[in-house]
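Reckoned from all heavy atoms, side chains included, excluding hydrogens, waters and symmetry mates.
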Amino acid sequence: MKRKGLLGGIVLALVIIIGVIMLALCTVRVPAGYVAVQYNMNGGVKDEVLTQGWHLVSPTTKTTLYTIGIEQSYLTAGDNGDSEGDESFTASSSEGKAMTIDLTFTYQYQAENVTDVFTRFKGQSGKDVRDSFIKPNIVSWTKEVIARYKVSDILGEERANVNLALSEYLSEKFEKYGITISNVSLINIEVDEETRQAISAKITAQQNADTQAINNQTAIDKAEAEAQVKRTEAQASADAKLIEAEAEAEANRLLQESLNGMILQQEYIDRWNGELPDIVTGDSSTSLMIPSYTGTDAAETEE
């Protein structure tokens, strides 16, 4: 009886262990920012990918992870991020000057195209595709862009434009592979000492020229400001004289009108014959008779 119970316990334990193993084999965890491509040994690649979370799959199904989130990657001489060993590379400028370049970029696999990526790269994982395909081609295609620019521009004020051109060019190149490349940036550039000194001298000369141009422009601005002040003062003086002249003309006009009234009044007085007005009273009204003027007009009236 005891032997049967012991045997039953062993069988149960084996069943549990086998169940746990099968569950582990049939359970897939997809981290946040990833999807998993399903490959069935009998049916090939499935169109449906597994998204974030836990999933039960057939024991015969193999899954491969691809990042659909934005991942930062590096090609540097140091141990930055995922850069293993010295991954810096050399490129030549438009003048043929050699440069050693450290570079960083961001990438992600397009969620709707990961099954194509899986098929194209024969089941490689996202990390393997990055190391075996993305990085080598980043180096190759970056050299094509670098060759368009002078070394002085790359090391100087054109750096931002070079980074933008790199981002656009690499994005276009990788798009057909279902991979998005963005934010490509040159983070360190080394040149030989002779080239560095020549560039330094050129930059110094340019800075001196810029300073002189600023000083010249300042002198021009000052002269223009002084001329503007003089023009303003001249205009103000002219306006003041015009206002003064208009005021004087108005005063003369008023004086002339006043004098005309006084002249008429004096002429009336001069022509008065000294007689007071006659008042005629009627039944219904009273009339005022104005006395006659003396002088020529009076004589003419008598005639």
**Asked** Going by atom types only, do Thr106 and Ser182 share a side-chain donor-acceptor pair under 3.5 Å?
**Response** yes
**Request:** First locate atom OH of Tyr34, then atom OG1 of Thr51, and finally report the distance between them rounded to the nearest 0.5 Å.
**Result:** 15.0 Å
**Request:** List for me each residue that meets salt bridge (Lys or Arg N to Asp or Glu O under 4.0 Å) alongside Glu71, sequence neighbours excluded, and say none if there are none.
**Result:** none
**Prompt:** Does some side-chain heavy atom of Asp153 sit less than 4.5 Å from a side-chain heavy atom of Ser93?
**Reply:** no
**Asked** Can you pull the ring pair (Phe, Tyr, Trp, His ring centres under 6.0 Å) pairs that have at least one residue in residues 55-85, sequence neighbours excluded?
**Response** Tyr66-Tyr109
**Item:** Heavy-atom side-chain proximity of Leu166 to Thr142 below 4.5 angstrom
**Value:** yes
**Message:** Counting only heavy atoms not in Gln228 (residues, nucleotides, ligands), do more than 12 fall under 6.0 Å from its CD?
**Reply:** yes
**Request:** Taking the side chain as every heavy atom from C-beta outward, state whether Ile146 and Lys143 have any pair of such atoms under 4.5 Å apart.
**Result:** no
**Prompt:** Can you list the residues that meet the salt bridge (Lys or Arg N to Asp or Glu O under 4.0 Å) rule with Lys127, with sequence neighbours excluded?
**Reply:** Asp131
**Asked** Measuring from Arg120:CZ to Lys176:NZ, what's the distance to the nearest 0.5 Å?
**Response** 8.0 Å
**Interatomic spacing from CG in Leu164 to CG in Asn183 - rounded to 0.5 Å** = 10.5 Å
**Message:** Tell me if a side-chain donor or acceptor on Gln72 pairs with a main-chain N or O of Thr104 at a distance below 3.5 Å.
**Reply:** no
**CG/Asn161: more than 12 non-hydrogen atoms of other groups inside 6.0 Å** = yes
**Message:** Per the side chain to side chain donor-acceptor pair (under 3.5 Å) rule, what does the pair list look like for residues 163-172, sequence neighbours excluded?
**Reply:** Glu144-Tyr169
**Complete:** Correct closest heavy-atom pair for Asp102 and Ala77 would be OD1-N, 3.4 Å
**Worked verdict on Val28 versus Gln38 for side-chain contact (heavy atoms from CB on, under 4.5 Å)** = CA-CA 10 Å; Val28 174; Gln38 301 181 80; over 6 Å; no
**Request:** Identify the heavy atoms of Thr64 and Gln124 that sit nearest to each other, and give their distance.
**Result:** CG2-O, 3.8 Å
**Request:** Could you tell me the separation between the CG atom of Asp116 and the CD1 atom of Ile179, rounded to the nearest 0.5 Å?
**Result:** 11.5 Å
**Message:** Going by ring pair (Phe, Tyr, Trp, His ring centres under 6.0 Å), name the pairs with one or both residues in residues 117-160, residues two or more places apart or in two chains.
**Reply:** Phe121-Phe133, Phe133-Phe174, Phe133-Tyr177, Trp141-Phe174
**Message:** I need the minimum non-hydrogen distance between Ala36 and Thr63, along with the two atoms involved.
**Reply:** CB-CB, 4.1 Å
**Stepwise side-chain contact (heavy atoms from CB on, under 4.5 Å) check, Ile101 with Leu186** = CA-CA 7 Å; Ile101 294 174; Leu186 306 176; 3.7 Å; yes
**Message:** Within the 4.5 Å heavy-atom criterion, are Val191 and Lys97 side-chain neighbours or not?
**Reply:** no
**Request:** Drop me the distance from Phe89's CZ to Lys135's NZ, to the nearest 0.5 angstrom.
**Result:** 11.5 Å
**Prompt:** Do any N or O atoms from the side chain of Arg29 and from the backbone of Trp54 form a donor-acceptor pair under 3.5 angstrom?
**Reply:** no
**Asked** Can you check whether Thr61 reaches Lys46 side chain to side chain, under 4.5 Å on heavy atoms?
**Response** yes
**Message:** Counting C-beta onward and ignoring hydrogens, is there a side-chain heavy-atom pair between Asn137 and Lys173 closer than 4.5 Å?
**Reply:** no
**Item:** Atom pair CG/CD of Asp82 and Glu87 - distance to nearest 0.5 Å
**Value:** 7.0 Å
**Request:** Let me see the working for Ile134 and Ile181 under side-chain contact (heavy atoms from CB on, under 4.5 Å), right down to the final yes or no.
**Result:** CA-CA 9 Å; Ile134 296 178; Ile181 300 293; 4.1 Å; yes
**Request:** Report the residue from Ile187, Val184, Ile189 that forms a side-chain contact (heavy atoms from CB on, under 4.5 Å) with Leu103.
**Result:** Val184
**Pairs touching residues 221-235 that satisfy salt bridge (charged side-chain N to carboxylate O under 4.0 Å, His left out), sequence neighbours left out** = none
